[in-house]
2 protein chains.
Amino acid sequence: MTMVMLNQDESQSLREKKKIETRNKIFEVSGRLFKEKGFEKVTVDEITREVGIAKGTFFNYFPTKTALLVYFGKQKEELIYKLIKNETKRSIPTKDKIKNIMVLVAKSNEKDKELTKLFVFEYLRHYGYEERRSHSLNTILRELLEDGVKTGEVKNGIDVKRVAENLTAIYYYSLMEWLWSNSDYSFSEDISKKIDVLFDGIRS
Amino acid sequence: MTMVMLNQDESQSLREKKKIETRNKIFEVSGRLFKEKGFEKVTVDEITREVGIAKGTFFNYFPTKTALLVYFGKQKEELIYKLIKNETKRSIPTKDKIKNIMVLVAKSNEKDKELTKLFVFEYLRHYGYEERRSHSLNTILRELLEDGVKTGEVKNGIDVKRVAENLTAIYYYSLMEWLWSNSDYSFSEDISKKIDVLFDGIRS
DNA sequence: AGTCATATATGACCGTAGTCATATTTAATG
DNA sequence: CATTAAATATGACTACGGTCATATATGACT
């Protein structure tokens, strides 16, 4: 009976290396295949054949085929939040900050429209059933708005929670409109203008 | 070779009657089973067994199992637009009209939370790939806003298309937040307050 | 090196969504 | 009523996602 849990520090064991490698290869291959043929047309058999693993192995890494889509979304999200972190540190007006962040996120989606189309629904659906995260767009926006209230840039007494939700809503809805529209207008420009409207209101 | 296409007028043929009956029965049975056991746990075999048809017949009526969810959404939509039509006719301020309509739609969802949860994603996904409809919430809101601009209730020169999209976005996002939240606050009240914020803006 | 516990890989197998060639029902026509 | 064409129903069959008992690989310990 061995109970020692040797900490591997930064040097990974062979096992861990192989695991990460396999996981990455599944990602890589499936991403390429999905873009080529669409999600439904790609079978797990096909993915595992190309990766060079048995079918069962796939399910050691991802609980379902659609889980892949969720993980695509998560990976993208992580990239985005690294970008956002830098943006929040700058000393610029609250509105600009919010705008910059949302445009940043928008632009990162503009880069891989087809793949985003595939996973955006699964990603949203999945998060319906998951814990609310501290790193969500909604949370970040809310914190920025609270700062804005403190500095007097945003009306005092405003319902910050609801405003943040409105901004988040606008982001996701605009994303979908853009993903499925035929004309290829600029998503980030659209978002930017919509934020203007939200800040200024529409009542004459 | 028969070429005559006898118009059946309002009197339906036996065929048409049976078709409608079968379709309705599939709806009825599947809706009940979905609510009882959840979408995934119900098999097409089970549905057809209860309805009293062969499995193949099911696919004469609905192309896929998930298509059922889309049709649930469509049916609900139709009900809702009948309600909306009456509301748009009343002579009340534009903002109230918009609020009333969105609260109306919200309340109709409050009635069957569990089933709405099942079909809302499929419904949205489906409409991503379908023609934009003239009867969408978005279109109706846009028309109301245009009226509002004419009567001077809404700022002149405003980007009506984008404002309508913002309102629609707020509606759907709030619906999802509400569907998957544990606390059971009032969805219609939430929507109402969010519309206030959108009209008044947040800049101090 | 040899032994053992555990993590990971494997592919035969199962259940279900969806297909399709064939059978049955409907209704129009003489 | 008999004939015929078209609409609809049928269920055996296929293909794919996902499971699981078994096999193999790894690394800790002596």
Side-chain angles (χ1 to χ4, degrees), chain A residues 1-26 29-30 33-34 37-71 118-119 122 125-126, chain B residues 1-26 29-30 33-34 37-71 118-119 122 125-126:
Chain A
M1 196 81 161
T2 307
M3 273 291 137
V4 179
M5 191 62 196
L6 194 70
N7 193 326
Q8 289 297 133
D9 268 59
E10 57 276 349
S11 75
Q12 298 166 322
S13 67
L14 178 58
R15 258 198 190 146
E16 281 176 80
K17 264 191 258 176
K18 278 195 176 175
K19 238 169 97 173
I20 290 167
E21 206 178 301
T22 305
R23 183 178 217 86
N24 286 342
K25 216 161 176 187
I26 294 174
V29 168
S30 61
L33 290 176
F34 290 163
K37 315 168 65 177
F39 182 73
E40 309 285 348
K41 293 281 182 69
V42 178
T43 66
V44 175
D45 271 312
E46 195 178 358
I47 295 170
T48 55
R49 216 181 307 127
E50 279 216 29
V51 173
I53 54 174
K55 189 175 182 180
T57 307
F58 176 91
F59 293 98
N60 290 340
Y61 288 86
F62 300 93
T64 63
K65 185 186 163 194
T66 50
L68 264 177
L69 297 181
V70 176
Y71 284 93
L118 290 174
F119 68 62
E122 281 313 316
R125 184 206 300 274
H126 177 78
Chain B
M1 193 81 161
T2 307
M3 274 291 135
V4 180
M5 190 63 192
L6 193 69
N7 193 330
Q8 288 297 130
D9 266 62
E10 55 277 349
S11 75
Q12 299 164 323
S13 66
L14 177 56
R15 263 203 184 141
E16 281 177 81
K17 265 191 257 177
K18 277 195 179 176
K19 239 168 96 172
I20 289 166
E21 207 178 299
T22 305
R23 184 177 216 88
N24 286 342
K25 217 163 176 187
I26 294 174
V29 169
S30 62
L33 290 175
F34 289 163
K37 316 170 62 178
F39 181 73
E40 309 285 348
K41 294 282 183 67
V42 178
T43 65
V44 175
D45 271 312
E46 196 179 356
I47 295 170
T48 54
R49 215 181 307 126
E50 280 216 30
V51 172
I53 54 174
K55 189 174 182 181
T57 307
F58 175 91
F59 293 97
N60 290 341
Y61 288 86
F62 301 93
T64 63
K65 186 185 161 195
T66 50
L68 263 176
L69 297 181
V70 177
Y71 284 93
L118 291 174
F119 68 64
E122 281 313 317
R125 184 205 299 276
H126 177 77

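Letters A, B, ... are given to chains in the order of the sequence lines, protein chains preceding strands, and every chain is numbered from 1.
Residues A:Glu122 and B:Arg125 are paired through a salt bridge, judged by an N-O separation under 4.0 Å between the basic side chain and the carboxylate.
The shortest distance between side-chain heavy atoms of A:Phe58 and A:Val51 does not fall below 4.5 Å. Taking 4.5 Å as the limit, some side-chain heavy atom of B:Ile26 sits within range of a side-chain heavy atom of B:Leu68. For the pair B:Ile47 and B:Val42, the minimum side-chain heavy-atom distance is below 4.5 Å. Residues B:Phe62 and B:Val70 are not in side-chain contact: their nearest non-hydrogen atoms beyond the backbone lie 4.5 Å or more apart. Put simply, the side chain of B:Thr48 does not reach to within 4.5 Å of the side chain of B:Thr57, judged on heavy atoms.
Straight-line distance from the CZ atom of B:Phe39 to the C1' atom of C:dT16: 12 Å, rounded to whole Å. In this structure, CD of B:Glu46 is placed 16 Å from P of C:dG18, rounded to the nearest angstrom. We find that CG of B:Leu33 is positioned 14 Å from P of C:dT16, with the value rounded to whole Å. For the pair B:Arg49 CZ and C:dG15 P, the interatomic distance rounds to 13 Å; values are reported in whole Å. Across the protein-nucleic acid pair, B:Lys17 atom NZ and C:dT25 atom C1' stand 16 Å apart, rounded to whole Å. Here D:dA9 presents its P atom at 13 Å from NZ of B:Lys25, a figure rounded to the nearest Å.
D:dC29 and C:dG2 make up a base pair, with Watson-Crick or G-U wobble contacts both under 3.5 Å.
Within residues 58-68 of chain B, the residues that place at least one heavy atom under 4.0 Å from DNA chain C are, in residue-number order, B:Phe59, B:Thr64, B:Lys65.
In this structure, A:Lys25 is not positioned above the aromatic face of A:Tyr61 in the sense of NZ or CZ being under 6.0 Å from the six-membered ring centre and within 45° of the axis.
Here A:Thr57 lies in heavy-atom contact (under 4.0 Å) with a base.
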| request: Sugar-phosphate means primed atoms, P, OP1 and OP2; the rest is base. With that split, encode nucleotides 21-26 of chain D 5' to 3' as B, S or - using protein heavy atoms under 4.0 Å. | output: ----BB

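Listed here is the closest heavy atom pair of B:Thr64 and B:Phe59: CA-CE2, 4.2 Å. Taking each heavy atom of A:Phe34 and A:Lys65 in turn, the nearest pair found is CE2-CE, 4.4 Å.
At D:dG18, none of the side-chain N or O atoms of A:Lys55 fall inside 4.0 Å of OP1 or OP2 (strictly under the cut-off).
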